[in-house]
Amino acid sequence: MPFSSLKLCEPILHALEVSGFTKPTPIQEKVIPLVLEGHDVMARAQTGSGKSASFVLPVLQMWSTKITEGKGKIKALILTPTRELTLQVSAAFESFGAFLPRKPRVVSVIGGESIGDQLYAIQQGCDILVATSGRFLDVLSKKQANLSHLEFFILDEADKMLDLGFAEELDLILREIPAQRQNLLFSATYPPKMAAIAARITQNPVEVSLDGEAPTVQAITQRVIEVNRENRGPLLRHLLNTEQWGQLLVFMANKRASDNIAMKFRKYGFSADSFHGDLSQEDRNYTLDQFKAKKLRILFATDIAARGLDIEGIDCVINFDLPRSSADYIHRIGRTARAGKSGMAISFIAHEDQDHFRLIEKRSQIKLPREQIGGFELTGTPPPKTKGPEPVKGKGKSKKDKAREQAAKDATAKR
Ligand code: AMP
């Protein structure tokens with residue numbers, strides 16, 4: 001089916017052609033007509049499915065047929081969980097709206113950049129506001145954005161916003177926007193909390209899911225390698241030297257681990273960097289641009305990178321540390337195999353991760369075979385199941401002892 005059979009207008013079809021989009025993805029085929037007909041939509045859609053264009057295109061079309069004279073008024077509000085996704089969605093509105101008789105004025109509202117500039121941009125005339133939920137609340141509290149003309153309220157990757165305490169903040173937002181509006185909800189999962197939010201926001205929504213069709217994750221070969229925790233770094237280096245991978249996204253449990261390992265890998269001669277929420281927006285943009293330009297081979301990242309990052313060409317995602325939830329697992333591995341390409345996702349698991357990973361498998365309804373790699377086999381025995389006393393503060397190893405142990409390990413690894 002070509003895009004032209006979806007009743008999209010000529011300027012949008014032209015923009016699609018310029019972007020190299022030849023035919024709609026399954027989610028776009030289903031969602032675009034529903035939005036154009038004015039329905040509320042509640043879609044179960046993974047990142048990588050083309051969900052952003054499925055709301056960007058029809059919203060642009062409907063907006064452009066009702067443009068009023070004078071300064072732009074906020075007609076569409078799109079909330080996303082991260083700065084990166086916000087910028088991506090804004091960019092999609094701009095590129096697909098580029099040939100409309102009047103180009104939409106799109107403002108991105110994200111943390112890490114001056115709120116004053118963003119408020120000024122809104123006041124200069126804004127048709128489409130794309131925001132991270134946290135920063136949007138700051139904007140609301142300043143009472144400088146007039147939302148009384150809003151026609152579209154859209155939540156993208158809504159389940160990711162739940163983690164950020166969004167459910168509690170929703171009341172403040174709903175108070176500010178007109179009751180009469182079209183609501184579109186996109187989420188990879190619908191846990192009970194999400195369903196409750198959906199019920200508060202939408203009215204008789206049409207539910208769309210692609211169950212029964214090949215979900216994006218099936219294009220991803222998922223592997224699980226059993227390895228002792230202290231051997232994960234050496235194993236990763238071994239795999240980098242033996243597998244034919246180009247770019248890699250490696251998920252770490254926290255910012256420090258991410259910084260440390262990136263530094264180590266640079267010492268071993270890999271082009272690697274670290275990406276997490278403590279970096280300034282400028283540094284984050286710079287690192288991402290370097291990665292997108294393929295000047296970096298390995299990006300060590302915390303979960304912040306799992307949310308909505310749109311980078312094509314990542315060959316492999318590694319869960320060096322396991323994600324906390326099955327939803328995070330799906331989001332993480334969805335960073336590879338973008339836009340119809342295939343990809344690989346590998347999780348490293350030690351004895352102490354077995355139970356947690358089994359739970360992730362159960363919740364994601366998958367069962368993966370365990371592998372071990374010669375020279376890095378899992379040794380030792382699983383720790384006893386009984387919960388021991390919490391480690392006593394001050395009784396652990398001193399920093400010096402840890403540094404000595406690490407130095408000894410590094411020396412062994414180099415041999
Ligand atoms: P999304 O799921 O919206 O994050 O989209 C994933 C990726 O697929 C993005 O890089 C989009 O630019 C790309 N994409 C979305 N729709 C299409 C399409 N119909 N044809 C080709 N690429 C697409």
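Everything numeric here is computed off the predicted structure, so don't read it as measured data. Both counts, for ligands and for their atoms, begin at 1 and track the order of listing.
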*Asks:* With heavy atoms of K23 as the reference, note each atom of ligand 1 found under 4.0 Å away.
*Replies:*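 Under 4.0 Å from K23, ligand 1 has these atoms: 18 (C), 19 (N), 20 (N).
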*Asks:* Any chance you could measure D273, atom CG, to I298, atom CD1, to the nearest 0.5 Å?
*Replies:*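 Atom-to-atom, D273:CG and I298:CD1 are 10.5 Å apart.
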*Asks:* I'd like to know whether D171 forms a salt bridge (charged side-chain N to carboxylate O under 4.0 Å, His left out) with R200, so could you lay out the CA-CA distance, the side-chain angles of the two residues, the decisive distance to 0.1 Å, and finally the verdict.
*Replies:* CA-CA 9 Å; D171 279 333; R200 278 170 70 197; 2.5 Å; yes
*Asks:* Between S49 and ligand 1, does any nitrogen or oxygen pair lie at a separation below 3.5 Å?
*Replies:*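 N/O-N/O distance under 3.5 Å: yes.
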*Asks:* Given the side-chain rings of F300 and F265, with only the six-membered ring counted for Trp, is the space between their centroids under 6.0 Å?
*Replies:*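 Yes - the distance between ring centres of F300 and F265 falls below the 6.0 Å cut-off.
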*Asks:* Quick check: do L16 and L57 have side-chain heavy atoms less than 4.5 Å from each other?
*Replies:*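 Yes, their side chains come closer than 4.5 Å.
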*Asks:* I want to confirm something. Looking only at heavy atoms, which of P24, G20, S95, G50 is nearest to atom 1 (P) of ligand 1?
*Replies:*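 Selected option, by shortest heavy-atom distance: G50.
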*Asks:* Does at least one non-hydrogen atom of Q88 fall below 4.0 angstrom from an atom of ligand 1?
*Replies:*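 Not so, Q88 does not reach ligand 1.
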*Asks:* With a heavy-atom distance limit of 4.0 Å, tell me whether F55 approaches ligand 1 through its side chain, its backbone, both, or neither.
*Replies:*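 Near ligand 1, F55 shows nothing, with every heavy atom at 4.0 Å or more.
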*Asks:* Side chains of residues 19-27: which donor-acceptor pairs under 3.5 Å do they make with residues two or more places apart or in other chains?
*Replies:*
residue, atom, partner, partner atom, Å
S19, OG, A15, O, 3.0
T25, OG1, Q28, OE1, 3.4
T25, OG1, S49, O, 2.9

*Asks:* Suppose I only count heavy atoms of F3 and a 4.0 Å limit; which atoms of ligand 1 are within that range?
*Replies:*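 Those qualifying, in numeric order: 19 (N).
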